[in-house]
Protein chains: 2
Amino acid sequence: MISQSNIEKTDSILSAALRLFVKYGFHGTPTSRIATEAGVSNGTLFHYFKTKDELIVALYIRVKEQLNAYLAEHQDEKDDVRVRFRNIFVHSINWSLKNREEFYFIQQFHFSPMLALVPADEFERQSKIHVGLMQEAVKQKILKPLPIELIATLVSSQIYGLHQYLVGSDLSVGKQQKMIEAALELTLEMILK
Amino acid sequence: MISQSNIEKTDSILSAALRLFVKYGFHGTPTSRIATEAGVSNGTLFHYFKTKDELIVALYIRVKEQLNAYLAEHQDEKDDVRVRFRNIFVHSINWSLKNREEFYFIQQFHFSPMLALVPADEFERQSKIHVGLMQEAVKQKILKPLPIELIATLVSSQIYGLHQYLVGSDLSVGKQQKMIEAALELTLEMILK
DNA sequence: GTCTATATCTCGATAGAC
DNA sequence: GTCTATCGAGATATAGAC
């Protein structure tokens, strides 16, 4: 039995799709090509995903779940808020560097009409880790007096920006860690009283 | 003579394309629809743009030129570097709010395979204003000791993040200006010694 | 569940009259 | 330069045998 299980099949379809979408865009990637590279037939692909759009959205949800699972692993609610903040920041960047295609795909998806196809409650589910931390920080009154949505958005942007810089410049692992620490300090100074 | 001149025609083609791309994506927008909404025939569209890709890239270059022209208007090299920095930041945000489709399109384009089709020297042309300011800031040694590429990227990210927040929340013009000022201060603190 | 074969459609791009 | 008409390619999605 070399043949794949069902889960493995949807997995290899989504993995192939991810690789191709990042390289050629949603448009430039025919479902037939996804099927071929996943090692299944065209008909099988449409057995697991009713439409191409459904496949794209499912991929987005899966990628976000992977990111959130990674962050949850490195998050302990018993830690000090500053430590928890640091962990989210640093591990978000680490994940983004270890999973560049996935991270690119998230942004590609965000700036596409596909975003409107995601069920509303999915976004809530995804942001639990961040919301929890923000609420705790508000409770402890350690944030500057600004809307928390603004603070959250600016922190996200810092992560995107830092990621972009690190991918563009080709630093050694050591220098990279120094830069991450430096950017983290800037970010903390920016949002903390 | 109600008929349009050539320039007006490429203009209305690009304007229609912008509106449609933002709404339906590059994929979801047929050239036929662009032509119809621009008030020209399909054949005419392909007279002015050899391919659809060429049209998309031309639109990107035009939009970036509009942004840069706007920033150049509000930039005076005789001003103090901090003032110039402030002007770029504030007017970038102002432009992004007055030209939301254009600003969205820039980001949509950046996260698409189309980015690779832009001639390399085009990016240099586009970044002259920012590079000039950064060089002056380096010369005057007012920046924190970090790679200037990192600083530039983080500042851009702040602008994207602030834009996203302002578009999402529905503030009065007055509150909006307060937020812009606040974010500018955070950004300055972040990068200046 | 998986495959092959194919229906159906739409799109980008061209040809050629005016 | 602009239009109408259309070609040919390639896309999504389905049908039906196994």
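In the text below, chain A, chain B and the rest are named by the order of the sequence lines, each starting its count at 1. Only a predicted model underlies this, so the values are computations on that prediction, with no experimental measurement involved.
The residue A:Tyr48 sits close only to the backbone: its heavy atoms come under 4.0 Å of sugar-phosphate atoms, none of a base.
Side-chain contact check for A:Glu136 and A:Gln140: at least one donor-acceptor pair (N or O, by modelled atom type) lies under 3.5 Å.
C:dT10 atom P lies 16 Å from atom OH of B:Tyr24, rounded to whole Å. Taking atom CG of A:Leu45 as the reference point, atom C1' of C:dT4 lies 15 Å away to the nearest angstrom. Counting to the nearest Å, the P atom of C:dC11 and the CD1 atom of B:Ile34 are 11 Å from each other.
Remark: B:Asp53 engages no residue in a salt bridge (Lys or Arg N to Asp or Glu O under 4.0 Å) (not counting sequence neighbours). The salt bridge (Lys or Arg N to Asp or Glu O under 4.0 Å) test applied to B:Glu149 returns no partner, not counting sequence neighbours.
Applying the ring-ring contact (aromatic ring centres under 6.0 Å, His included) test to pairs two or more places apart or on separate chains, none has a residue in residues 166-193 of chain A. Residues in residues 115-144 of chain A take part in no ring-ring contact (aromatic ring centres under 6.0 Å, His included) pair, two or more places apart or across chains. Sorted by first then second residue, the salt bridge (Lys or Arg N to Asp or Glu O under 4.0 Å) pairs that include residues 106-117 of chain B, not counting sequence neighbours, number zero.
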Starting at the 5' end of nucleotides 3-18 of chain D, put B wherever the base has a protein heavy atom under 4.0 Å, S where only the sugar-phosphate does, and a dash everywhere else.
-> BB------SSBB----
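Note on B:His47: every side-chain N or O is 4.0 Å or more away from OP1 and OP2 of D:dT2.
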